[in-house]
2 protein chains.
Amino acid sequence: MSGYKIGILAKRAGANAPTIRYYEQIGLLRRPDRQDGNQRRYSDEDVGRLTFIRRCRAFGFSIDQVRRLAALVEDRSRSCVEARDIAQAHLAEVRAKLRELRALEKSFAGFVADCDAKCAGALGPQCAVLDELSVNGSTGKR
Amino acid sequence: MSGYKIGILAKRAGANAPTIRYYEQIGLLRRPDRQDGNQRRYSDEDVGRLTFIRRCRAFGFSIDQVRRLAALVEDRSRSCVEARDIAQAHLAEVRAKLRELRALEKSFAGFVADCDAKCAGALGPQCAVLDELSVNGSTGKR
DNA sequence: TCTACAAGTTAAAGTGACTTGAGGTTCAAG
DNA sequence: CTTGAACCTCAAGTCACTTTAACTTGTAGA
């Protein structure tokens with residue numbers, strides 16, 4: 001009997017078996033053939049599609065975005081430009097988060113350095129960094 | 001009658017009213033005084049704490065982490081060294097997140113650029129970029 | 001062939017961090 | 001005094017899974 005069992009597919013594509021069943025349930029993966037004992041059997045094509053899905057998810061695309069991207073992969077009559085647009089929108093979001101996080105890192109690194117320098121061992125700190133986080137202005141909102 | 005109503009607090013700290021009630025419910029915000037008509041009344045201190053919480057959340061800290069950080073801000077009796085240790089641990093997390101996000105940004109920028117270059121405008125055929133996502137190797141897994 | 005036991009099956013509930021909805025009360029302006 | 005915005009509580013919904021329970025099937029060793 002050929003084809004992969006769910007556990008193998010999971011390993012190959014970097015997912016858990018329940019996640020695969022979940023994807024099937026929400027219609028992101030097709031319902032596969034079953035062997036005699038009712039167990040799912042998958043093909044190389046399934047490995048490809050699931051790998052694609054997991055990779056997109058790891059990149060932070062929502063299930064809905066992945067659905068659209070996967071449709072693009074499947075249906076080659078549509079232009080690549082469409083995929084690029086989805087990716088580009090997402091890239092902007094990633095960059096925004098990156099900026100915010102860099103600011104946070106700076107604050108925290110400064111705090112740790114200040115602690116080492118100013119209040120080394122001493123009691124009753126003035127923790128300016130933590131204070132700053134409670135005040136409006138400076139750091140990113142939303 | 002002094003103090004802010006929930007809507008005002010929400011606006012000042014960058015949250016929604018239901019979120020504030022939710023934070024109260026899970027014990028992240030104290031239960032505020034109520035005025036005659038049973039409506040919550042908040043102080044400037046609450047604005048500070050909620051601002052802090054929202055900012056930490058925006059930076060990707062979990063509620064549990066925020067709980068610990070907030071306790072740190074509140075309790076100044078603890079030595080600066082202790083504060084620094086907690087902050088340092090969080091700094092490590094922030095840096096890890098930063099690394100992930102940077103890798104992500106790189107992959108994505110590459111993806112978008114490839115789309116522009118390889119499949120520029122061309123219809124239908126062989127979007128190499130999307131193909132790559134379905135194949136093991138090359139791009140970032142997890 | 002028998003016997004473990006690993007890996008598969010389903011359906012339902014749990015998670016985190018909120019958001020939304022229903023249905024009712026209170027407040028502030030005109 | 002009435003309207004409508006803002007408040008109240010409690011329950012259920014959302015997203016993307018993960019976990020649990022209770023059961024069946026597949027496989028490898030004695």
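Lettering follows sequence order; numbering is per chain, from 1. Because only heavy atoms are used, hydrogens play no part in the values below, and waters and symmetry mates are left out as well, while side chains stay in.
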Separation of atom [atom1] in [X] from atom [atom2] in [N], rounded to whole Å:
X       : N      : atom1 : atom2 : answer
B/Tyr22 : C/dT20 : OH    : C1'   : 15 Å
B/Glu24 : C/dA17 : CD    : P     : 18 Å
A/Tyr4  : C/dA7  : OH    : P     : 19 Å
A/Ile53 : D/dC17 : CD1   : C1'   : 14 Å
A/Asn16 : D/dT18 : CG    : C1'   : 8 Å
A/Leu29 : D/dC17 : CG    : P     : 11 Å
B/Ile26 : C/dT15 : CD1   : P     : 14 Å
A/Arg41 : D/dG26 : CZ    : C1'   : 10 Å

Side-chain N or O of [X] closer than 4.0 Å to phosphate OP1/OP2 of [N]:
X       : N      : value
B/Arg21 : C/dT20 : no
A/Arg54 : D/dC17 : yes
A/Arg67 : D/dC15 : no
A/Arg40 : C/dT9  : yes
B/Tyr23 : C/dC18 : yes
B/Gln35 : C/dC27 : yes
B/Asn38 : C/dT25 : no

Heavy-atom distance under 4.5 Å between the side chains of A/Arg95 and A/Leu91, does that happen here?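 A/Arg95 reaches A/Leu91 side chain to side chain.
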Between A/Gln39 and A/Thr19, which has a closest nucleotide on DNA chain D that is more 5'?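 Per heavy-atom nearest nucleotide, the more 5' residue is A/Thr19.
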Which nucleotide in [options] has an atom nearest any side-chain atom of [X]:
X       : options                : value
A/Ile6  : D/dC17, C/dG8, C/dA17  : C/dG8
B/Arg57 : C/dG8, C/dA28, C/dA17  : C/dA17
B/Lys5  : D/dC8, D/dC17, C/dA28  : C/dA28
A/Ser62 : D/dA16, D/dG26, C/dA17 : D/dA16
A/Pro18 : D/dT9, D/dT18, C/dT9   : D/dT18

If you compare all heavy atoms of [X] against all heavy atoms of [Y], which two are closest, and at what distance to 0.1 Å?
X       : Y       : value
A/Tyr23 : A/Ile53 : CE1-CG2, 3.8 Å
B/Ala13 : B/Arg54 : O-CG, 3.6 Å
B/Glu24 : B/Pro32 : OE1-CD, 3.5 Å

Please check if any side-chain donor atom of B/Tyr42 sits under 3.5 Å from a side-chain acceptor atom of B/Arg49, or the reverse.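 Looking only at side-chain atoms, B/Arg49 and B/Tyr42 do not form any donor-acceptor pair under 3.5 Å.
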Please check this pair: side chain of A/Arg12 against backbone of A/Asp44, looking for a donor-acceptor N/O pair closer than 3.5 Å.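 No: the side chain of A/Arg12 does not pair with the backbone of A/Asp44.
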